[in-house]
Amino acid sequence: MISWLSDAIHAKLMRPIFIIMAIYSCAGIRAWSDSLLENPIVIHSGRMTMTIEKQENQSAAISWKDEKASRTLNQLDHPLWQVDLQRLDGEKISIDSRQCPPAGETKGSDSVEIEWKLGELLTEEDAEEQSDAETEEIRLICQLKAAPEDRVETALTIDNQTSDWSIQQVIFPMIALKPLGESSEDDVLVIPRVSGELVFDPMKKGVSFSGLYPSGWSPMSFCAEWDPQGGLYFAVEDPLGSSRDLQVKRSDDQKTVTIHMKTPAPDAGVAGNDFTLSGKGVLQLFDGDWFDAAQIYKRWVFKEARWKVDSRRTDTPSWFKETAVWVCTSGDAEAVVEPTIRFAEFMGVPTAIHWYSWHQIPFDDDYPHYFPAKDDFAEGVKRLQEAGVRVMPYINGRLWDSDTQDFQTVALPAATKDASGKYYVEEYGSKQKLVPMCPTTRLWQDKVQEIVLRLLGPEFNVDGVYIDQVAAASPRLCCDSFHGHPLNGGHWWTVDGYWPMIMELQRKMQELNPEKMITTECNAEPYLHCFDGYLTWHFQYQNQIPLFAAVYGGKIQLFSRSYQGNDQLAHRMKIGQSLVFGEQLGWLSPAILEHKETAEFMRKAARLRHDLLPHLSWGEMARPPVTAGDIPDVTADWAWSGQKWPITDSALQCGAWRSGDRSIVFLFANVTEIPIKFTWNWTPERYGFDNEPVQIQQWKGEQTLAVDGKPQKISIELPGLEIAAYLVEK
């Protein structure tokens, strides 16, 4: 037996070890040669150089270098991949790329393929009794390939030929970023939490982000870090929306930020299961900031992702795109109708209502048995529609109450279940034990469609239905083999579950009435082509940016915020931010009319949004404007989950949106009562005008500027609680 393997066995005396069998010859792959110590593998893609070097312990170290900035970005001793396995008897073990030498590599002109051969997990006694020839194999192959635009794309496959080991999850790609320059003080990280969140100096201040994608708190599959000299984009670009967890964390020694993509393995728990990374892992250098990183992801989405939509989005009813403001209320028609009509009349723009508790059952109880509705619901819908208000009632798209009479007899076979066969249970405010259903089952697909179509049909004739939790809650890693999908991980939650369920529903809606629509909670990207709108009520975080809108603005209607609590400054901060983020406004109680200043600010924002529909509703987000001056920050209680939620943000909210005719509108909203003087640093080439003369016209205002196409500073004074818009066109 080779010496390093013998040493490893005796170093782990009296406990299980994972034996890594280095096979130095196999068809098509040359041995991991000693010459790599003197001649590393080097792959170039523009300014990015990837170097693979063999270490003295025979493992592979990969460096990622930005040649333009003359700096290596990562810590070399960090693994490239990790595989977690479990034996049928329950024994678990993890192995990463640092712990074994590759078996060999194949170098192409712009790529390299590296193979590792991973033996079975053995006790010391097994190792003495079993020869190398009898060892069952786990072959891991990693491919790294240069692509255009300073980019390296990676792939990973595992061929598991064992009879008693199962791949549980794979972490790949993995990287540990050092401070990008001499200091970390000017490093900025963007993570895809809800709308998108900036972390300044993450090495010093810390960062911890994790969440099973796709979900409302982990809606996209990329992140990026940069400083003034450039940045690194990190993603798994997977067109099928497979379940995975992007994990970003400062290391315990506070010297690196680790970025890992953890993917639950399909058929985890089944011996001999294989693994192939769905999509590709990507590392790409770029100049700029979060908006530039978002454009990299956006280009991929609308080229390859299965959820991409036509830029015109003709499948969504026009009335929904034109909706400017939302009411959110609940109860019977007597409590709902008249206050909503008064609100709509005050706003004077297309208004819709999200109607909760229209059913006789309590909220979050006895699901999915919503019928019969409250006695006056149908009449209330009719009265609202006659007043010009569109109506969208609530249902849940995931849950079945476990204490209903038909749960055990009807629902249980279609419920999601863990590896032990127990169904998952979730509890919310009602404290009912609610069970997430498996979306691949015909029972659940039919049940959701039945409820929605009945509400949209002649009995109630609502304009749309809100199907809660679909784009909010993480996939449940169901292990019920009778459902027919791979156990645990994979892309079945989307491709075989909600996608066919909702797209079939959309086809039936078109047959019923093409003016009907459906929405869901939060903003997980893979459901973009299924729904007409995403409720963005959870956009509630510090240092929040419109990262999601930078990718998807105009492709789906993003609507509304959570207006909890009674802090009117917080309400106005949300109004200003949601306007410049491109969202339909509101989702608040009609009682807001009792707060004159907030109500008038909402009306002002809603009417401006309605004026600018070509930009804000079916346009696309442009780079937010750069401003300077004595612009204060403000802090207010955004009230979330029944607790205080202080958020600090700029008193001046800014945004930019491009219409189909390529004109751009720039928005500036002062959320305070104090006037703000500031300078708008106008740089035409950043917006595609290429130093051409343009005209900047204040929307419904007196200020008109003839601009010669050169950068300039535009001085603006914005009174308290005012919103200004400037239209820029050739």
Side-chain angles (χ1 to χ4, degrees), residues 317-358 374 376-394 460-466 515-517 519 532-533 535-537 557-564 566 568 570-572 574-576 578-579 582-614 616-617 667 669 671 699-700 721-723 725:
S318 296
W319 70 261
F320 182 41
K321 296 179 183 178
E322 295 166 6
T323 298
V325 66
W326 283 83
V327 167
C328 175
T329 190
S330 65
D332 56 26
E334 183 178 358
V336 167
V337 173
E338 290 304 323
T340 299
I341 292 174
R342 287 195 298 271
F343 177 91
E345 290 174 346
F346 177 82
M347 291 295 157
V349 291
T351 302
I353 177 175
H354 191 177
W355 193 335
Y356 283 73
S357 297
W358 53 272
K374 290 180 176 175
D376 57 359
F377 176 61
E379 179 60 28
V381 171
K382 183 179 179 182
R383 288 168 57 199
L384 285 165
Q385 291 171 336
E386 288 172 348
V389 177
R390 300 285 184 166
V391 181
M392 180 185 73
Y394 169 101
F460 302 104
N461 192 35
V462 300
D463 299 287
V465 176
Y466 173 82
E515 287 299 295
K516 306 294 187 179
M517 63 82 173
T519 67
D532 300 288
L535 173 65
T536 52
W537 75 303
Q557 297 304 306
L558 306 177
F559 68 103
S560 307
R561 299 292 182 92
S562 174
Y563 288 83
Q564 300 178 30
N566 198 37
Q568 298 305 305
H571 291 352
R572 294 195 295 268
K574 294 177 187 180
I575 293 167
S578 58
L579 174 67
E583 302 154 19
Q584 296 178 359
L585 303 169
W587 206 66
L588 38 61
S589 167
I592 194 66
L593 298 184
E594 299 171 7
H595 301 276
K596 183 175 182 293
E597 288 184 337
T598 302
E600 290 180 349
F601 190 62
M602 175 67 83
R603 178 171 61 183
K604 195 175 299 181
R607 291 184 174 185
L608 180 60
R609 177 184 167 81
H610 188 251
D611 286 346
L612 298 173
L613 285 173
L616 293 173
S617 189
L667 298 166
V671 304
W699 188 262
K700 293 187 175 180
L721 300 181
E722 284 295 334
I723 305 169

Return the orientation label for the Tyr394 and Tyr466 ring planes: parallel under 30°, perpendicular over 60°, tilted otherwise.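 It falls in the tilted class, 30° to 60°.
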Check whether any side-chain N or O of [X] sits under 3.5 Å from a backbone N or O of [Y] as a donor-acceptor pair, and report yes or no.
X	Y	answer
Trp355	Val391	no
Lys574	Leu585	no
Asp376	Ala333	yes
Gln584	Phe320	yes

For Glu322 and Ser617, does a side-chain donor sit closer than 3.5 Å to a side-chain acceptor?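 Distance-only check fails for Glu322 and Ser617.
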Considering non-hydrogen atoms only, spot the tightest contact between [X] and [Y] and give its length.
X	Y	answer
Gly464	Pro393	O-CD, 3.0 Å
Asp463	Val389	OD2-O, 4.3 Å
Leu384	Val337	CD2-O, 3.8 Å

Applying side chain to side chain contact (heavy atoms under 4.5 Å, CB included), can you list everything that pairs with Ala570, at least two apart in sequence or on another chain?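 By the side chain to side chain contact (heavy atoms under 4.5 Å, CB included) rule, Ala570 matches Asp567, Ala636, Trp638.
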Distance-only criterion, 3.5 Å: show the donor-acceptor pairs between side-chain atoms of residues 603-614 and protein atoms not counting sequence neighbours.
unit_1 : atom_1 : unit_2 : atom_2 : d
Lys604 : NZ     : Leu721 : O      : 3.0
Lys604 : NZ     : Glu722 : OE2    : 3.0
Arg607 : NE     : Met347 : O      : 2.8
Arg607 : NH2    : Met347 : O      : 3.4
Arg609 : NH1    : Gly582 : O      : 3.2
Arg609 : NH1    : Glu583 : O      : 3.4
Asp611 : OD2    : Lys700 : NZ     : 3.0

Pairs satisfying ring-ring contact (aromatic ring centres under 6.0 Å, His included), at least one member in residues 322-343, at least two apart: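 For residues 322-343, and leaving out neighbouring residues, the ring-ring contact (aromatic ring centres under 6.0 Å, His included) pairs sorted by first residue read Trp326-Phe559.
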Residue Glu334 excluded, over 12 heavy atoms near CD under 6.0 Å: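 Open: at most 12 neighbouring heavy atoms sit under 6.0 Å from CD of Glu334.
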